[in-house]
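Counting convention: from 1, in listed order, for ligands and their atoms alike. The structure presented is a predicted model; accordingly, all values stated were derived computationally and were not measured.
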Amino acid sequence: MTTNEPAAGGARVVAHPLVQHKLTLLRRRETTTAGFRRVMREISLLLAYEATRDLALETVTIETPLEPMEAPLLSGKKLCFVSVLRAGQGILDGMLDLVPSARVGHIGLFRDHTTLRPVEYYCKLPDDIAARDVIVVDPMLATGHSAAAAIARLKQAAATRISYVCVIAVPEGLATLHDAHPDVPVYTAAVDRGLDANGYIRPGLGDAGDRLFGTK
Ligand SMILES: O=P(O)(O)OC[C@H]1O[C@H](OP(=O)(O)OP(=O)(O)O)[C@H](O)[C@@H]1O
Ligand SMILES: O=c1cc[nH]c(=O)[nH]1
Ligand SMILES: [Mg+2]
């Protein structure tokens, strides 16, 4: 899998053809709720593959059926995924397909429709999050305020190694996130043109939470 050079705000755009194909399916107006959910899960697995590329390995001694050997295993504590509710749940499923033993935290945020600022309504994180590599997941990075708030919450909880995975970002959201948390790498399938007057990503895919859960 290849990533382009960091784009605006330092994001890594996952350029793999399967990712780009699945993103087009997600964008299409006629994609059903069931299809949207399934493809979101599939694209997330591919994004997780890219976002976990730098995890540390250690060498252990194992026995194959034929002889002992030194072999690589992930070192240290396991990963922690943090899903930004609601729409993050659509990505979480695909990530857990790839790393089923990961711990999971949840941060509940919604955007106030007039101010476009995030309002927190829930937070539950593993106690030992400081010892884990944390990947925050949420499909849409629009103004960037939800992502910045979620990551600030994780830093309050002493998390240090944090990365962020979304499906679509825009330059202004990437800049806001980078200004607030320059230490956090961002992985995305696309960087779209920008935001409309209602804070929606254009061309985007609409409201990710509504499309995943069939609400309006
Ligand atoms: O970058 P921002 O401008 O902060 O916008 C992005 C946020 O908006 C969406 O959530 P939404 O508020 O629609 O909540 P939902 O997931 O419950 O639908 C999306 O899933 C992000 O969390
Ligand atoms: O375009 C957008 C912007 C924020 N949240 C979404 O779900 N979609
Ligand atoms: Mg929503």
Using a 3.5 Å cut-off on N or O atoms only, is [X] in polar contact with ligand 2?
X	result
G209	no
G199	no
M140	no

Pick out which of V136, D133, I91, I135 makes a side-chain contact (heavy atoms from CB on, under 4.5 Å) with F81.
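It is I135, the one option of V136, D133, I91, I135 that forms the side-chain contact (heavy atoms from CB on, under 4.5 Å) with F81.
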Heavy atom to [atom], shortest distance: which of [options] holds it?
atom	options	result
atom 8 (N) of ligand 2	G206, G204, G173, A142	G206
atom 1 (O) of ligand 1	G144, G108, S146	G144
atom 13 (O) of ligand 1	L177, D112, D207	D207

With heavy atoms of [X] as the reference, note each atom of ligand 1 found under 4.0 Å away.
X	answer
G209	18 (O)
R111	2 (P), 3 (O), 4 (O), 5 (O), 8 (O), 12 (O)
T143	1 (O), 2 (P), 3 (O), 4 (O)
F110	12 (O)
A87	16 (O), 20 (O)

The atoms of ligand 2 lying under 4.0 Å from a heavy atom of A208, numbered in the order shown, are 6 (C), 7 (O)
| said: As an exercise, identify every atom of ligand 2 less than 4.0 angstrom from a heavy atom of R111. | reply: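 Near R111, meaning under 4.0 Å from one of its heavy atoms, ligand 2 has 3 (C), 4 (C).
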Does any N or O atom in [X] lie less than 3.5 angstrom from one in ligand 1, N or O only?
X	value
L116	no
R86	yes
L141	no

Between [X] and [Y] (side chain of the first, backbone of the second, donor and acceptor by atom type, cut-off under 3.5 Å), is there such a pair?
X	Y	answer
R41	D97	no
Q20	A189	yes
D196	N198	yes

Salt bridge R153-E120, side-chain N to carboxylate O under 4.0 Å = yes
| field | R86/D210 ion pair, N-O < 4.0 Å | value |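 Looking at R86 and D210, the cut-off is met.
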* Side-chain heavy atoms of R111 within contact of S146, under 4.5 Å -> yes
Review point. Can you tell if the side chain of M95 reaches within under 4.5 Å of the side chain of V165, non-hydrogen atoms only?
Key: yes
### Query
What do you reckon, is CG of D112 surrounded by more than 12 foreign heavy atoms closer than 6.0 Å?
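Count over threshold, so yes.
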In terms of heavy-atom contacts, I107 and A150 come closest through CD1-O, 3.6 Å
On a heavy-atom basis, the closest approach of M140 and G206 is CE-O, 3.9 Å
Can a non-hydrogen atom of R211 be found less than 4.0 Å from any atom of ligand 2?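 No, that is not the case, since the closest heavy atom of the residue is not under 4.0 Å from the ligand.
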